[in-house]
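Worksheet: the structure to be examined is printed underneath.
Each chain gets a letter, A, B and so on, in the order the sequences are listed, and its residues count up from 1.
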Amino acid sequence: MILRKLVKVPNITSRTHNSLHHRMLNFSTLFNPPFSPKPPSHLATNVIKSYFETGRVREARTLFDEIPERDVVAWSAMISGYSSCDLHTEAWVMLREMLRAGDGVQPNEFTFSSALKACKGMNSLSCGALVHALALKLGVLGNIYVGNALMDMYGTCCSRMDRAFAVFEEIGAKNSVSWTTLIACHTHLGDGHGGLRVFRQMLLEEAELNPFNVSIAISACASISSQVYGRQIHAAVFKRGFESSIPVMNSILDMYCRCNGLSEASRCFHGMTERDIITWNTMIAGYEKSDPYEAINLYSSLEFEGLTPNCFTFTSVIAAVANMAVLGVGEQFHGGILRRGLGDDLGVANALIDMYAKCGNIMNSCKIFNEMHVKNVVSWTSMMVGYGSHGHGKEAIALFDKMVQSGVRPDRIVFVAVLNACSHTGLVDEGLRYFKSMVSNYNITPDQEIYGCVVDLLGRAGRVKEAYELIEAMPFMPDESVWGAFLGACKAHKLAELGKLAASRVLELRPSVAGTYMAFSNLYAADGKWGDYARIRKLLRRMGSKKEAGRSWIEVRNDIYSFVAGDKLGSRIEWVYEAVDILGLHMKEARHNPDLECLEDGT
DNA sequence: GTAGGGTTAG
């Protein structure tokens, strides 16, 4: 009777549970009654599993330690339990203890599949390869669970897709998990095309569609921004009745959000009968950039539905606040984050650094950054971008050096941040040094964005010839971001001929960019060539293309007023003009000469 | 009595 009660651990209250646990510690009394010749360790294993399922890790370990003769099932339950609770290192330590115990217990296929999951969780290729060797020695590689787990480990740890694929090829009778795992490995590595190739192969080999492989295939479409493929799979989802699966629908929402289909995402979202927190997070993230106001509205509806926001929710909501630059709202969300104990989450803290910087409060960004216990490359980048946009280029650069000293390896995006900081502070030679170091010390191949930054760095400082030489020396065709940076330099330094060359290149690459025509016509105007100026303007009008209006907004006593140049906000617009006049006076006092040519009526 | 794949944050 007592044993039957113990097996039902998850359903009991904590007080009852604690008292039971207190009695359970005496293992031999409970599990080895006088009439039983051998300890029924399978019952203890049952309880261990229940403990892990309810997160009672310490109790599981205590009970395990009490078992006099641990068999392979008990060891496997411990390794699996730790790994399921995301305690992968503990699972690994357990495996090592098992192998060293010297009691003749050998790992089986259950032990290996759980151990490989732990290696994947630790992102340790060396541990995974050790398990692989041992599994080979003990002849369990033919087991489908072991094969699939091995493939997953290789595909995740250090991106060894070559080895993952070799394992996949060796699996004789692949099952649906084998296919899903291989598609997921490709997709999670950012190779959506590869994921879809495998998905297509899976269909050719007449493997069945299921919610698992469909979710990851849609995620692959999202990663390559292909709404065309995404819609095809959406149609298959509809046909097979997988629309009742929340993860499948969440994937579809995410795909539409990332593939310029926000209205379609919204339609699907409203059609869902059941939604979880990931559904809401996906939509909030989808609206965060293009319609941050709606993202914040969604947050309110989520709370109204009684769901609990998590760190993903706040990361997106804080990003929405940053895009609107509404400090008061951001502070309120920050309070909510602290009340829920989510302030220590890395993603949330990174978003807060960015939000405070974009809302003009760089001091709070610094405070959050300095108080973080763990920082990743995004934390350092966010702080550097913040410093850069506040005109503190030197602080941004100092931070880069500090980051390297702390052992964080810079990625491509950090270099974008440091180059921008150098560019806006006029630290041209420092910027060029970082550009060279990126290639020689960190083996990062510069892409269009990086070249655009360096062209901007040289161009702003008036070193336009060097900027042009850099463009000429690029190992690939410069895109519109590179020529755009060059065009900006020509405009700033009134180099009409070179500017026309740059503008024509941008127009060749993206003929629909109205902003380029504007810059182009301004160059003619600056050059006094009014006939050419009129011709471009006429062309622009004929295209029906309109440069998107630069929108500004101001927060006055908790109300936000948004406007474009020449807009009328009733009597309140006077406040804005008054503020602009005061800024102009400040500029004159500081002996800055405002460039009024950049002002365009109605834009 | 012990093992598996999918969805959200820069």
query = Quick one: do the A:Asp191 and A:His193 side chains pair a donor with an acceptor below 3.5 Å?
reply = no

request  = Salt-bridge test for A:Glu264 and A:Arg267: reply yes if a basic N is under 4.0 Å from a carboxylate O, no otherwise.
outcome  = yes

query = Pick from A:Thr187, A:Leu209, A:Leu182, A:Ile216: which one makes a side-chain contact (heavy atoms from CB on, under 4.5 Å) with A:Phe199?
reply = A:Leu209

query = Of all nucleotides in DNA chain B with an atom under 4.0 Å from a non-hydrogen atom of chain A, which is the first and which the last going 5' to 3'?
reply = B:dG1 to B:dG10

ask   = With a 4.5 Å heavy-atom cut-off, do A:Ile246 and A:Thr279 have their side chains touching?
value = yes

task = Looking at every strand, decide which applies to A:Asn148 at a 4.0 Å heavy-atom threshold: base, sugar-phosphate, or nothing.
result = base

query = For DNA chain B, what residues of residues 134-145 of chain A have any heavy atom nearer than 4.0 Å?
reply = A:Asn143, A:Ile144, A:Tyr145

ask   = Contact class for A:Ser176 vs. all strands (heavy atom < 4.0 Å): base, sugar-phosphate, or nothing?
value = base

ask   = Quick check, are the ring centers of A:Trp92 and A:Tyr82 under 6.0 angstrom apart?
value = no

query = NA contact type, A:Ser382, heavy-atom cut-off 4.0 Å: base, sugar-phosphate, or nothing?
reply = nothing

key: Donor on one side chain, acceptor on other, A:Asn281 and A:Asn250, under 3.5 Å   = no

query = Is it the case that A:Arg200 places NZ or CZ above or below the six-membered ring of A:Tyr229, under 6.0 angstrom from the centre and within 45 degrees of the axis?
reply = yes

query = If you look at every strand shown and take non-hydrogen atoms under 4.0 Å, does A:Glu109 touch a base, only sugar-phosphate, or nothing?
reply = base

query = What is the nucleic acid contact for A:Asn175, judged by heavy atoms within less than 4.0 Å: base, sugar-phosphate only, or nothing?
reply = base

query = Base, sugar-phosphate alone, or nothing: which one does A:Val348 contact when heavy atoms must sit under 4.0 Å apart?
reply = nothing

inquiry  = Quick check on contacts: within residues 207-216 of chain A, what sits under 4.0 Å from DNA chain B by heavy-atom distance?
reply    = A:Asn210, A:Pro211, A:Phe212, A:Ser215, A:Ile216

ask   = Does a donor on one side chain and an acceptor on the other come within less than 3.5 Å for A:Ser379 and A:Asn376?
value = yes

task = Taking atom types as modelled, find out whether A:Glu288 and A:Asn323 have a side-chain donor-acceptor pair closer than 3.5 angstrom.
result = yes

key: Pairs where residues 242-262 of chain A contributes a residue and the test ring-ring contact (aromatic ring centres under 6.0 Å, His included) is met, not counting sequence neighbours   = A:His234-A:Tyr256

message = Counting only heavy atoms and a strict 4.0 angstrom limit, can you tell me which residues of residues 269-281 of chain A come near DNA chain B?
response = A:Ile278, A:Asn281

inquiry  = Could you work out, with side chain to side chain contact (heavy atoms under 4.5 Å, CB included) as the rule, every residue matching A:Ala129, not counting sequence neighbours?
reply    = A:Tyr154

request  = Measure from NZ or CZ of A:Arg409 to the centre of the six-membered ring of A:Tyr442, then state whether that distance is under 6.0 Å and the direction lies within 45° of the axis.
outcome  = no

request  = Using distance alone, with no hydrogens and no angle criterion, decide if A:Thr313 and A:Asn310 have a side-chain donor and acceptor under 3.5 Å apart.
outcome  = yes

